[in-house]
Amino acid sequence: MSRAVRFAPLALLLLVIAGLVWRLSTPADTNVRSRLAGKPVPAFNLAAPLPGKPAFSSRDLAMGRPRLVNIFASWCVPCITEVKVLKQLQSRGVAIDGIAIRDRAGDIAAFLARNGDPYARIGSDEQSALQIALGSSGVPESFVVDGRGIIRYQHIGAVEAADVPLILSQLEQAR
Amino acid sequence: MKALLVAIAMLIAAPALADSSLPPAYWAYRQLPNASQEARAQRLMAELRCLVCQGQSIADSDAELAADMRDLVRRRIADGEQPAAIRAWLIERYGTWISYRPTAEPATWPLWLAPIALLAIGLLLLRKRIRTRARP
Amino acid sequence: MMAEIGLAALWLAAGLAALQLVFMPAGLRSAVELSGTMRPVAVAQGALTALAFAMLLVLFARTDLSVALVVANSHSAKPFVYKVAGAWGNHEGSMLLWVTVLAVSGAFIAILSRRLSERTLAAALGAQAALALGFYTFLLLASNPFGRLAPAPLEGRGLNPLLQDPGLAFHPPTLYLGYVGLSVAFSLAFGALLTGEVDSRLARAMRPWVLAAWVFLTLGITAGSYWAYYELGWGGYWFWDPVENASLMPWLAATALLHSINVLAARGALKAWTMMLAVIAFSMSMVGTFLVRSGILTSVHSFAIDPERGTYLLILLGLYVGAAFTLFAWRGASLKEGAPFELVSRESGLVVNNLLLSVILGTVFVGTLYPLFVEALSGEKLSVGAPYFNIVAGPLALLLAVLVGAGPLLSWRRERRPVLKRLVVPALIGVAAIVATFVIAPKMGFLPRLGFGVAAFLAIASLLPLAGRNPLRAPLATWGMVVSHFGIAVALAGMAANSAFTKETLAVARTGERLAVGPWLIQLDSVTPAAGPNWTALEAELHASRGHGREVLRPQTRYFTSPQMETNEAAIQTFWDGQLYTVLGKADPAGGWQLRLWWKPFVTLIWAGGALIGLGGALSLAGRAWRTRRRRPEPEWRTRYA
């Protein structure tokens, strides 16, 4: 048996162990990032679930000024705390639009009445169609979209108080 | 009475789940009437990863997002779209990870070559072990 | 008190394992007699771990809430069987089970292995002690199963209903028995590589362990597959999920080993390769345990991710397998192989079997770990799933199944008879089966059609070793081989039937409405609430009929309160010609209920085949054990101490 053949198993083992060590030290990121960052928001036109609130379409995102698009739902528990942080952002001049996933008008109204309403517009996405088109895989998520309608940043999970500076700087960069 | 009990059972159940209160999309748990379209949709759905449970395909998942994706796949197939186009559309959004079928991009070449390479190495190691020419 | 006895027994056993290892060099130089040193130490070590495990069983049976592990994994309201099963249904307990089986097997090698030379046995017992020592350290330092809680809580936390299932209670320990059986093969291979005594005696000593391990692996995988089938509620039986692959890889390696070991036993050939396979088979069980316990790969059978335990297991894996591979690199060259095999001979048949099994194993291994390497190098995530494995492993497995029909007919050394003639009848039957599929189902896919043909061929061909002689006088081991090979045909037929003939109906039905699935008409009679100890449920009553008779099925959707979750309990009815599989879904907004119905003709053959494969292994094991018992003289050391 040649030397190469005899040492091959050992070399293979070292390679496999190196791979496994890397995985143990870098746990897999279970978040699925949207590949649309840097690309324009897909065209959409959502119905308005609430009477007093304008509907939300992709045209509203190319108005020259960066906006924060927030994917939320009244049935989503982390959204309750997130909405308060969004309210702070709104008070600092951030324009926020909401996409309500799989939700009912009455539930959305009650949710906003209870927790505050940071949204300029709200669109209703009853079968997650826009969510899928955006490459989003959970609720809540937020996208920073620049003034030309290009997605610049995706925030997975609730925007918490500690994330405010990050979101503001992303919005600043998108200007 | 029965209906009331059912309603109560569902009421107890509802708050337990971090799911929406909306019913599943129309085609999430229904088959397309055209059998060959349904077969095509089924084949594609079995090869798309559910992004919520992540270990199952959307064909085998009870997650709402998976149900909505099934609805999307069936609708598009019914509209005459090719499964490959739908897969590409989803990969454009979620990356190749969503497809259980490895795509043909260069990063997967070693994967497709592996069985052939293994077979070749095996035959190479064997060539001295088996007498291929008949003994006189 | 019991917990303390268990812990003390474990520490003592660890000490004895260290002592056993210390004796090894002396044993290798034949400086000491094993009967006075390593043998009693190995036996005592086995007895002590068995005692520790017995203590854990009693603690769980009594629900002793002063023990942290019991509190975390048990509850006084659990049924007794699941209380006991709770002992190994967690990380610490399963590792204790692992080391117990390891040490008890070590004791058995010490008592039973009389075929081996003292030197090889000393080296093998030393290797076994080193394996055990690693796991004792792991248990005692990082996952003590006997830790106390003070004050003891009033109730345990482990009432997870999903884990109270016969499939889940007995499937992991079965796999573990298989893994540990392979560890014995590993130790014996290690010992033989060290002493250079790789011969047919070693093969005969190793064979029962490999066979037993293989039987457990076969049954464990079969049971696991059926569990996934009825529990996940979508009618699938194999998903090529990383955790499933992790259990398949040791099985593939053990299957190859089982066949190559025969060449070593009969001809004293394939020495290096058989030793390599023994090491690989055990490495695959370590890799499997590591993948499952560390939870690093995305899987449907998700476990808690625990990098610390993962690190520990990875260190053990690297040490043991690294040591064995190094030894192989060092001693491999000294293993002399004889003359090449004749092309048409039993040896060559087994070599081809090993080649195909190894390629399948390698492919599954590469496919399972490839995404990890791509991500490490490029940061890009990709998936390798069922489509890849089916395309690559499917044809190889079918080819292998064809050769399984021919291999056992060949004789050792050189086949001079016209063996292919004997295969004419099976081949014709195989072709007839393929023709029949064109008549019955013209639109069937290519692979299932081929599957039917190969299954029909193999079903007949596998019986040929019993033909032409009085079957009752054939050795039990031959019967075992025939049953196993026939089982492959049965399982293959089940897979082909499932993929070709399954009928699926997903629809919404109002009460009183009827749905058709395959030959069945199914009426939704009612949906009523039901309740269990910790769940409420909606239960549908379905009446199914196909011309005659009425079957009642009651699928449920269960809502559990702790932990909060919803599960579908499929109602499955088995008939001679298939299974009716029904699942109750959600209420539809338009009124009515979603139902998922499958008619799966002959799907049960898949698991029946798996059971036959395992049964064949057990028969073969019994046959060999019986034969050696009749032949064996009393060993010298035993008569001296009697």
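Order of the sequence lines fixes the chain letters, A, B, ..., with proteins taken first and strands second; residue numbering starts at 1 for each chain.
Proximity to chain A is limited to the side chain of B:Leu90, based on heavy atoms less than 4.5 angstrom apart. A:Ala37 does not touch chain B: none of its heavy atoms, backbone or side chain, sits under 4.5 Å away. In this structure, chain B has a heavy atom under 4.5 Å from the backbone of A:Ser136, while its side chain stays farther away. Only the side chain of B:Arg75 comes within contact range of chain A, with heavy atoms under 4.5 Å apart. Contacts between B:Ile91 and chain A at a heavy-atom distance below 4.5 Å involve the backbone alone (N, CA, C, O).
Atoms CD1 and CE, from A:Ile132 and B:Met69 in turn, are 4.5 Å apart once rounded to the nearest 0.5 Å. In this structure, CD on B:Glu64 lies 7.0 Å from OG on A:Ser128, to the nearest 0.5 angstrom. Note that the CG atom of B:Asp71 and the CD atom of A:Gln127 stand 5.0 Å from one another [nearest 0.5 Å]. To the nearest 0.5 Å, the span separating CZ on B:Arg93 from CG on A:Leu134 amounts to 8.0 Å.
No side-chain donor-acceptor contact under 3.5 Å links B:Glu92 to the backbone of A:Arg35.
Within the 4.5 Å cutoff, side-chain heavy atoms of B:Gln54 are placed close to those of A:Thr30.
With chain B as partner, the option from A:Ala133, A:Gly138, A:Ser74 having the largest number of non-hydrogen pairs under 4.5 angstrom is A:Ala133.
Heavy atoms only, all atoms of each residue included: A:Ser137 and B:Val52 are closest at O-CG2, 4.4 Å. Considering all non-hydrogen atoms of both residues, B:Tyr94 and A:Gln131 come closest at OH-O, 3.7 Å. Of all non-hydrogen atoms in B:Leu22 and A:Glu126, the two that sit nearest each other are CD1-O, 3.8 Å.
Below 4.5 Å, heavy atoms of chain B meet heavy atoms from A:Arg102, A:Asp103, A:Arg104, A:Asp107, all part of residues 91-118 of chain A.
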